[in-house]
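First comes the structure, then the notes that go with it.
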Amino acid sequence: MSESKRRPLLKVGLTGGIGSGKSSLARMLQIRGAETIDADAIARTCTDAKGAAMPSIAQIFGPDFLTADGALDRQRMREHVFARPEARQTLEGIVHPLVSAEIGRRTLASSASCLVFDVPLLVESPRWRFQLDLVLVVDCTPETQKRRVQIRSGWDHATTESVMRSQSPRATRLAAADLVVFNDGNDIAELEQSAQWLANRFGL
Ligand code: ATP
């Protein structure tokens, strides 16, 4: 590596419950010069048709879990692993190392001074913590989460609540945070202000 190539200095894990505003804040930090890495998007790529995880998934779970074009049948797999922790572990054992490897590749290739890892289930996955300099949690009330997801995705409150129950409780997420952005308002300009404050703090 050349002497002049700048190395990432700050690795930030960005997390929050569904509808909290993670993606919005990630975009705002990206505009301000951070490089963002979306762990879920990488996982989806691994399980698309011809994705790196698909040969192992096909071999271990069988063709019933593949769509016609060879991608992961996400709905079917979600239902399968829902009440089968060992199947979930097997799936994660295939996908997580591939995601980690891809994140490692992107981290090495990056010349940004701040990398923001957008990881919805960061608190639920302890393996993440040691790769990060700090954990940034976007927080809001459960009522705000439900309202936003209803507007954005058209989900009813019961559906949103079931996703919320599958995520860490708010208190657990907050306890894992080094920094918290309280994003409970209905004004995106307020979140912009927080993003600017963070950008200054991250040296962007
Ligand atoms: P998910 O986990 O479901 O992907 P997320 O945490 O990434 O959600 P966003 O997609 O950023 O959340 O935000 C959810 C919705 O709420 C979006 O439609 C976004 O525009 C809106 N939103 C977020 N923060 C605010 C705010 N401060 N004011 C108004 N709308 C907001």
Side-chain angles (χ1 to χ4, degrees), residues 11-48 72 74-75 77-78 81-82 88 92 95-96 99 102-103 106 114-129 132 134-202 204:
K11 294 181 196 165
V12 178
L14 171 61
T15 193
I18 183 170
S20 58
K22 292 175 299 295
S23 314
S24 304
L25 184 60
R27 272 194 302 277
M28 292 172 187
L29 291 172
Q30 191 175 25
I31 288 167
R32 288 164 173 81
E35 182 169 329
T36 57
I37 295 180
D38 180 337
D40 270 4
I42 295 174
R44 276 194 302 275
T45 305
C46 289
T47 51
D48 278 345
L72 176 66
R74 297 178 210 285
Q75 179 64 27
M77 185 59 89
R78 248 193 308 275
V81 301
F82 185 71
R88 180 182 297 276
E92 289 177 351
V95 176
H96 284 178
V99 173
E102 178 58 21
I103 286 173
R106 291 195 196 181
C114 175
L115 279 175
V116 174
F117 299 93
D118 182 348
V119 192
L121 297 182
L122 189 149
V123 173
E124 293 80 347
S125 322
R127 73 198 168 90
W128 265 101
R129 189 59 188 91
L132 302 168
L134 61 89
V135 172
L136 169 60
V137 168
V138 190
D139 179 56
C140 66
T141 62
E143 290 68 36
T144 300
Q145 287 181 277
K146 286 180 244 171
R147 180 173 45 78
R148 287 195 187 135
V149 176
Q150 184 175 38
I151 295 168
R152 184 197 59 190
S153 309
W155 293 6
D156 58 30
H157 287 184
T159 307
T160 310
E161 272 167 10
S162 81
V163 173
M164 287 164 65
R165 273 196 300 277
S166 75
Q167 301 183 335
S168 280
R170 188 179 178 193
T172 308
R173 223 174 3 248
L174 288 173
D178 299 300
L179 281 171
V180 177
V181 169
F182 187 53
N183 179 40
D184 201 47
N186 203 17
D187 180 3
I188 211 75
E190 281 176 21
L191 188 59
E192 291 277 4
Q193 279 182 5
S194 301
Q196 189 53 52
W197 184 89
L198 289 166
N200 294 343
R201 161 127 194 207
F202 297 164
L204 293 170

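Whatever order the structure lists ligands and atoms in, that order sets their numbers, starting from 1.
- There is a side-chain donor-acceptor pair under 3.5 Å between Thr141 and Asp184.
- The shortest heavy-atom contact between Pro120 and Asp40 is CG-OD2, 3.4 Å.
- Taking atom 4 (O) of ligand 1 as the reference point, the nearest protein heavy-atom neighbour is Arg152 NH1, 3.7 Å.
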For Asp48 and Thr45, run side-chain hydrogen bond (donor to acceptor under 3.5 Å, both in side chains): C-alpha distance rounded to whole Å, both residues' side-chain angles, the deciding distance at 0.1 Å, then the answer.
-> CA-CA 5 Å; Asp48 278 345; Thr45 305; 4.7 Å; no
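- Using a 4.0 Å cut-off between charged side-chain N and carboxylate O, Asp139 and Arg173 make no salt bridge.
- At a heavy-atom distance under 4.0 Å, atoms from both the backbone and the side chain of Lys22 approach ligand 1.
- Remark: among candidates Pro120, Gly19, Ala26, the nearest residue to atom 8 (O) of ligand 1 is Gly19, based on non-hydrogen atoms.
- Looking only at protein heavy atoms, the nearest one to atom 7 (O) of ligand 1 is Ser23 OG, 2.5 Å.
- With respect to atom 16 (O) of ligand 1, the closest heavy atom belonging to the protein is Arg148 CD, 3.0 Å.
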Passes side-chain hydrogen bond (donor to acceptor under 3.5 Å, both in side chains), Arg147 versus Gln150? Steps please.
-> CA-CA 5 Å; Arg147 180 173 45 78; Gln150 184 175 38; over 6 Å; no
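- Between Arg44 and Arg74, the shortest heavy-atom distance links the atoms O-NH2, 3.6 Å.
- At least one N/O-N/O distance between Gly21 and ligand 1 falls below 3.5 Å.
- Ligand 1 places these atoms under 4.0 Å from at least one heavy atom of Gly17: 6 (O).
- A distance of 6.5 Å separates CD1 of Ile103 from CD1 of Ile37, quoted to the nearest 0.5 Å.
- Near Gly185, the atoms of ligand 1 lying under 4.0 angstrom from a non-hydrogen atom of the residue are 26 (C), 27 (N), 28 (N).
- Those atoms of ligand 1 that come under 4.0 Å of a heavy atom in Ile18, given as number and element, are 2 (O), 3 (O).
- What sits closest to atom 11 (O) of ligand 1 on the protein, heavy atoms only, is Ser24 OG, 2.6 Å.
- One distance of note links OG of Ser153 with CD1 of Ile18; it measures 6.5 Å at 0.5 Å rounding.
- When the heavy-atom distances from atom 27 (N) of ligand 1 to Ile188, Asn183, Leu191, Asp118 are ranked, the shortest goes to Asn183.
- By the criterion of a heavy-atom distance under 4.0 Å, the backbone of Asp187, and not its side chain, is placed next to ligand 1.
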